[in-house]
Amino acid sequence: MPATSATTTGPKTSRPVRKQAAPRARNGPRGGRKREFTTRRGLLIAAFMAPAAIFVAVFTYYPMIAGSQMAFRHWDLNDLTDTSWVGLDNFYRVFSDPNWGTVLGNTGAWVIGSIVPQLVIGFALALWLRRRFRFRGVYQALIFFPWAISGFLIGILFRWMFNSEFGVVNDLLQKAGLIDEPVAWLADPHKAMIAVLIANIWYGVTFFAIMILAALQSVPDELYEAAALDGAGKARTLFQITIPYIRVTLVLTVLLRVIWIFNFPDLIFGMTGGGPSNQTHIVTTWMIKITQQGDYGKASALGLLVVAGLLLFTVFFLLATREKREVRS
């Protein structure tokens, strides 16, 4: 008889169970533990940071400290035999100087007269550049280009443009019939400040346009579409959607620009050098002039006053930055 295969009546063999891989630890790479901070790692980090820290300490903090102590000494390059301690006498000489009121007023006019037009014109340019049109990239490059030029070179350029004899400004105004004879812009004490303000407005509009345009890119188009469906006009959309959405960026940009303009003597030195009759001097240009005269004590005192003023703006800047981080979180 042919052999028949017997059927197995025993239990079924179970499949081998695969062991699940242990979950990868999240604290370290590839399942490893988080590396503990040891003294050796701390010394290694300090060794890498030491060159930069030494460089900053030698070329930034040491000159600041050395210059600060000059503000409390009689430090005149014309007489280095006497560098005695004079206390607050240098600050008294700054406040009692006949030019102090003029310089302080010029500084306020320089900052406020530059910020407001730069903000308005830069905002308008940013709104225009946000639209899609032909050759938009070319227009953006032309508008952003002045920011890449040195402020001192811009001052020299505008000095030639406002020249009373062959400047292009007088030529255009005469052809337009607005003036009958050339105007001595940079030689007139009442018109020189207007000329440097025009130059600074032209130079700083670019910064506002760049910052505001970058902020406008983050505004969702759905908000504008919803506003259009609700029948909101352009003015209502601007003040109720656009400005509130980019308000933090506007505050930061204005504060940062105020600090820069307050401490921006390049353009004035390129155009007028502070003249005529100190009518275009601001605090920083006046400080440089005093330094050139050799009175380092008085110049250092004025420099400390500048630092104190900038620190006030820095406090507002940090508060606004903290508010921006909270909004992002």
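Numbering starts at 1 and runs along the sequence shown.
Using cut-offs of 30° and 60° for the angle between ring planes, the Trp100 and Phe95 rings count as perpendicular.
Proximity of a side-chain donor or acceptor of Tyr245 to a complementary backbone N or O of Ala215 within less than 3.5 Å is not detected. Thr280 places a side-chain N or O within 3.5 Å of a backbone atom of Gly275 that can act as its donor or acceptor partner. Side-chain atoms of Gln279 come within 3.5 Å of backbone atoms of Ser277 as a donor-acceptor pair (strictly under, hydrogens ignored). At distances below 3.5 Å, not a single donor-acceptor pair connects side-chain atoms of Thr291 with backbone N or O atoms of Ala299. The backbone N or O of Leu216 sits less than 3.5 Å from a side-chain atom of Arg130, completing a donor-acceptor pair. For Ser300 (side chain) and Tyr296 (main-chain N/O), a donor-acceptor pair under 3.5 Å exists by modelled atom type. With hydrogens and angles ignored, the 3.5 Å screen pairs a side-chain donor or acceptor of Asn106 with a backbone N or O of Thr102.
Gly113 approaches Ile201 most closely through the heavy-atom pair O-CD1, 3.6 Å. Residues Met271 and Arg159 approach most closely at O-CD, 3.3 Å, considering heavy atoms. When all heavy atoms of Leu238 and Leu127 are compared, the pair lying nearest together is CD1-CD1, 4.0 Å. Nearest heavy-atom pair across Asn90 and Phe72 is ND2-N, 4.1 Å. Contact between Leu197 and Ser114 at its shortest, heavy atoms only, is CD2-OG, 3.4 Å. The minimum heavy-atom distance between Ala195 and Leu186, with the atom names listed, is CB-CD2, 3.8 Å.
Grouping the Ile, Leu, Val, Met, Phe, Trp and Tyr side chains by contacts below 4.5 angstrom, directly or via other members, places Phe262 apart from Met64. One hydrophobic cluster, built from ILVMFWY side chains closer than 4.5 Å, cannot hold both Ile288 and Val283; they sit in different ones. Taking hydrophobic clusters as Ile, Leu, Val, Met, Phe, Trp and Tyr residues chained together by side-chain heavy-atom distances below 4.5 Å, Ile149 shares a cluster with Leu267. Under the 4.5 Å side-chain contact rule for hydrophobic residues, Val86 and Leu304 do not share a cluster. Residue Val258 is grouped with residue Trp260 when hydrophobic side chains (ILVMFWY) are merged at heavy-atom distances under 4.5 angstrom, including chains of intermediate members.
The shortest side-chain heavy-atom distance between Phe144 and Leu129 falls under the 4.5 Å cut-off. Trp110 is listed as a side-chain neighbour of Ile261, based on a closest heavy-atom distance under 4.5 Å. Proximity of Gln174 to Pro182: side-chain heavy atoms (C-beta onward) are separated by under 4.5 Å at one or more points.
Hydrophobic cluster of Phe59: the remaining members, joined at side-chain heavy-atom separations below 4.5 Å, are Ile54, Phe55, Val58, listed by chain and number.
In this structure, the separation between CZ on Arg257 and CE on Met211 is 11.5 Å, given to the nearest 0.5 Å. To the nearest 0.5 angstrom, Leu125 atom CG is 7.5 Å from Trp128 atom CH2. Here the CD1 atom belonging to Ile246 is positioned 6.0 Å from the CD1 atom belonging to Ile212, to the nearest 0.5 angstrom. The distance from atom CD1 of Ile268 to atom CG of Asn200, rounded to the nearest 0.5 Å, is 7.5 Å. In this structure, Ile154 CD1 and Met161 CE are separated by 9.5 Å, a value rounded to the nearest 0.5 Å. Distance check, rounded to the nearest 0.5 Å: OG1 of Thr237 to CD1 of Ile243 gives 11.0 Å.
Within a 6.0 Å sphere centred on CG of Asp180, other residues, nucleotides and ligands contribute 12 heavy atoms or fewer. For Ile112, the CD1 atom sits in a loose shell: 12 or fewer heavy atoms of surrounding residues, nucleotides or ligands are nearer than 6.0 Å. Taking a 6.0 Å sphere around CD of Gln217, one finds it holds more than 12 heavy atoms contributed by other residues, nucleotides or ligands.
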Would you check, one step at a time, whether the test side-chain contact (heavy atoms from CB on, under 4.5 Å) holds for Leu305 with Phe91? CA-CA 9 Å; Leu305 294 176; Phe91 294 91; 4.2 Å; yes
side-chain contact (heavy atoms from CB on, under 4.5 Å) between Phe207 and Thr253, intermediate numbers included: CA-CA 9 Å; Phe207 177 77; Thr253 305; 3.6 Å; yes
Would Ile198 and Ile194 count as a side-chain contact (heavy atoms from CB on, under 4.5 Å) if you check the C-alpha gap in whole Å, the side-chain angles of each, and the deciding distance to 0.1 Å? CA-CA 6 Å; Ile198 292 174; Ile194 299 176; 4.0 Å; yes
Please report the C-alpha distance between Phe123 and Thr242 in whole Å, then the side-chain angles of each, then the deciding distance to 0.1 Å, and finally whether the side-chain contact (heavy atoms from CB on, under 4.5 Å) criterion is met. CA-CA 11 Å; Phe123 200 108; Thr242 304; 4.3 Å; yes
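We find that Lys191 and Asp188 are joined by a salt bridge, their nearest charged nitrogen and carboxylate oxygen being less than 4.0 Å apart. A salt bridge links Asp171 to Lys175: one of the charged nitrogens lies within less than 4.0 Å of a carboxylate oxygen.
Taking the six-membered ring where the residue is Trp, the centroids of Trp160 and Phe166 are separated by under 6.0 Å.
Side-chain atoms of Asn278 and Trp286 form no donor-acceptor pair, as typed in the model, at a separation below 3.5 Å.
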